[in-house]
Amino acid sequence: MPVSSTISRPASGSSLQPEASLLAVEDLTVKYRLHSGVLTAADRVSFSIAAGEIVGLLGESGCGKTTTAMSLLGLLPENARIASGRLYFRGRDLRSLAETQLRELRGAEISIIFQDSSGLNPVMRVLTQVVEVLRAHRDCNLHEAREKVKSIFAAVGLTDGERIFSAYPHQLSGGQRQRIAVAQALISEPSLVVADEPTAHLDAATAAEILACVRRMRATNRTSFLLISHDPEILRSVADRMVVMYAGQVIEHGRVEQVFSNPLHPYTRALLACSLDPSPPDHPVTRKKCFPYIPGNSPDPLEVSEGCSFAARCADRMPMCHSRRPRLLAQPDGGLVRCLKYEAE
Ligand SMILES: Nc1ncnc2c1ncn2[C@@H]1O[C@H](COP(=O)(O)OP(=O)(O)O)[C@@H](O)[C@H]1O
Ligand code: SF4
Ligand SMILES: [Mg+2]
C-alpha cells in the first residue's frame, strides 16, 4: 500500500499507522465547485483505523470533517470532487468501486450515523425501517429480524418497547430518534461506523449513553469507529487516537491521552484549554457554555494562504509563519504535528 507523501513517517512500531488497517485514508484532497471559485475542503488528509479502534476527528465547524467522512462512503454532493488521494477499506481501493458495490458496502460493512438522525425515513415506522436495513444486508426471516431489532433497541437504551416499534420518527423525541439511528447503523454489525457528531443535539445523559453504546460495540464486536466531533471532551471519553483538523488539513494526530496531556499544536492547545470544564460533566447548561471558542475566524477557504493557515489566530505566531507553509512532521513521542515551531531550521 502506498505511503503518504506528506507525512514524515513516525518511528517504526508507532501506533499511529497500525500495521493492519481496516481503513486507510491517504492524501485525500476534496474540492467543491462554487459560483465564486473552487474551495478545497480537505487538503491531503491521511489517517488510518485498525479493527476495533475508535479514532476521533476533531475540529471547528467548517474544517472539513464531514467532507472527509462522506468521501469514504461515496456520499459527496454533486459539486464535490475527490481531486486526489487513496482510500482503502480492507485493502480494497474504494475509489475504484462502482456505485452498486459502494452501496453494498454501506450498511453491511460501513455504516453512518448523522448528527440529526436525518437518515431516518419520516414516513415509515421505525421498527420496519430498521428491519429493512437488516434484511437488506443479512440473510434472515422476518421473525428473526424483528427479534434482532428488538435486542439492538434494548442495547441502545430504547426500553419502551411496543410504543416505539410502531411509532413514526416524528412521534419520538430527538434522543429516541438518535438512538434509533444508532441502532440502524449497528444492526448489521458493520466493521466500521462513521459517526458524524452523533451526540451534537442530545442532552448530556443521552449523549453519555450513546457513547457507552459505542464502547460496548467495540468491546463485544470489535467494531471500529470514526467519531467526528467539535467537542474534545466527547473524544476524550471514548477515542483511542485523535486527528485534529484545521482549515481542511490535519494539524495534529496522536493517541488521545498523549494529545490531552501534551497538545503540541497551538490550535489544539487553544481548543483543549477552552474546553476545560470545571463543572460536573452531566450538567447540560454549563457544558454548553464551555464549548470551545477561539477568537478570530478560520481563513477564507477560497483564498490560498502562503503561510500557516492558523497564523491569524495563533498566540505563538512568528514572522515566518506568514510566508512558510508548515509540513506535518513526526515527533519523538510518535505524534504528528503541523507547525513551524517543530521544524528544524
Ligand atoms: N455542498 C457544499 N458545497 C460547497 N461547499 C461546501 C459544501 N459542503 C461543505 N462545504 C464547505 O466545505 C468546507 C468543509 O465543510 P464540512 O466538511 O461540512 O466541515 P465540518 O464537517 O468540519 O463542519 C466548508 O468551508 C464548507 O462551507
Ligand atoms: S506555524 Fe506559526 S502560526 Fe502556525 S501554528 Fe505554528 S507557530 Fe502558529
Ligand atoms: Mg460536519
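As the structure lists them, so they are numbered: ligands from 1, and atoms in each ligand from 1. Side chains included, hydrogens not; waters and symmetry mates left out as well; all remaining heavy atoms used. For clarity, every value in this text was computed on a predicted model and none was experimentally measured.
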Subject >> Nearest protein heavy atom under 4.0 Å from atom 26 (C) of ligand 1, yes or no >> reply: no

Subject >> S61 neighbourhood, listing ligand 1 atoms whose heavy-atom distance to it stays under 4.0 Å >> reply: 23 (O)

Original post:
Do side-chain atoms of S224 reach the backbone of G52 as a donor and acceptor pair under 3.5 angstrom?
Top reply: yes

Subject >> Atom CD of E306 with >12 non-hydrogen neighbours under 6.0 angstrom >> reply: no

Original post:
Donor-acceptor pair, R95 side chain versus R86 backbone, under 3.5 Å?
Top reply: no

Subject >> Side-chain donor/acceptor of Q249 to backbone N/O of Y246, under 3.5 Å >> reply: no

**OP:** Please write down residue, atom name and distance for the protein heavy atom closest to atom 10 (N) of ligand 1.
**Re:** Y32 CE1, 3.5 Å

Subject >> G59 to ligand 1, any heavy atom closer than 4.0 Å >> reply: no

Original post:
Just which atoms of ligand 1 are under 4.0 Å from any heavy atom in A41?
Top reply: 12 (O), 13 (C), 14 (C)

Original post:
Going by the atom numbers of ligand 1, which of them fall below 4.0 Å from some non-hydrogen atom of E60?
Top reply: 22 (O)

**OP:** Check the pair I54, V214 against side-chain contact (heavy atoms from CB on, under 4.5 Å), reporting the backbone distance first and the verdict last.
**Re:** CA-CA 9 Å; I54 302 176; V214 166; 3.8 Å; yes

Original post:
Which of the atoms in ligand 2, numbered in the order shown and given with their element, are less than 4.0 Å from a heavy-atom of C314?
Top reply: 3 (S), 5 (S), 7 (S), 8 (Fe)

**OP:** May I ask you to check whether L34 has an N/O atom sitting below 3.5 Å from an N/O atom of ligand 1?
**Re:** no

**OP:** Report yes or no: does K148 contribute a side-chain atom to a donor-acceptor pair with the main-chain N or O of V131 at less than 3.5 Å?
**Re:** no

Subject >> Which residue and heavy atom of the protein sit nearest atom 20 (P) of ligand 1, plus the separation >> reply: G62 N, 3.4 Å

Original post:
Within the distance-only criterion (no hydrogens, no angle test), does the side chain of N79 pair as donor or acceptor with the backbone N or O of R33 below 3.5 angstrom?
Top reply: yes

**OP:** Would you mind checking which non-hydrogen protein atom is closest to atom 1 (S) of ligand 2, with the distance to 0.1 Å?
**Re:** L340 N, 3.2 Å

Original post:
For the hydrophobic clusters of this structure (ILVMFWY residues joined by side-chain heavy atoms under 4.5 Å, transitively), does one cluster hold both L105 and L75?
Top reply: yes

Subject >> C339 backbone or side-chain N/O/S under 2.8 Å from atom 6 (Fe) of ligand 2 >> reply: yes

Original post:
Against heavy atoms of H265, which atoms of ligand 2 measure under 4.0 Å?
Top reply: 5 (S)

Subject >> Atoms in ligand 1 flagged as close to N79, the criterion being non-hydrogen separation under 4.0 Å >> reply: 1 (N), 2 (C), 3 (N), 4 (C)

Original post:
Can an N, O or S atom be found in Q115 less than 2.8 Å away from the Mg ion (ligand 3)?
Top reply: no

Original post:
So which protein heavy atom does atom 19 (O) of ligand 1 come closest to, and at what separation?
Top reply: G64 N, 3.2 Å

Original post:
Less than 4.5 Å apart, any side-chain heavy atom of I112 and any of R106?
Top reply: no

**OP:** Give the atoms of ligand 1, by number and element, whose distance to some non-hydrogen atom of P77 is under 4.0 Å.
**Re:** 1 (N)

Original post:
Do the non-hydrogen side-chain atoms of Q178 and T206 ever get within less than 4.5 Å of each other?
Top reply: no

**OP:** Using a strict 4.0 Å cut-off to heavy atoms of C321, name the atoms of ligand 2 that fall inside it.
**Re:** 1 (S), 2 (Fe), 3 (S), 7 (S)

Original post:
Which atoms from ligand 1 have a heavy atom of T67 less than 4.0 Å away?
Top reply: 14 (C), 15 (O), 16 (P), 17 (O)

Subject >> Sidechain-backbone polar pair: E343 side chain, P326 backbone, donor-acceptor under 3.5 Å >> reply: no

Original post:
Using a heavy-atom cut-off of under 4.0 Å, does the side chain or the backbone of D196 touch ligand 1, or both, or neither?
Top reply: neither

**OP:** Give the residue and atom name of whichever protein heavy atom lies nearest to atom 18 (O) of ligand 1, and the separation in Å to one decimal.
**Re:** T66 CB, 3.8 Å

Original post:
By number and element, which atoms of ligand 2 are closer than 4.0 Å to a non-hydrogen atom of C308?
Top reply: 1 (S), 3 (S), 4 (Fe), 5 (S)

**OP:** Say whether, by atom type as modelled, one donor and one acceptor occur between the side chain of R241 and the main chain of S48 under 3.5 angstrom.
**Re:** yes

Subject >> R338 to ligand 2, any heavy atom closer than 4.0 Å >> reply: no

Original post:
How are the rings of F310 and Y267 set relative to one another: parallel (under 30°), tilted (30 to 60°) or perpendicular (over 60°)?
Top reply: perpendicular

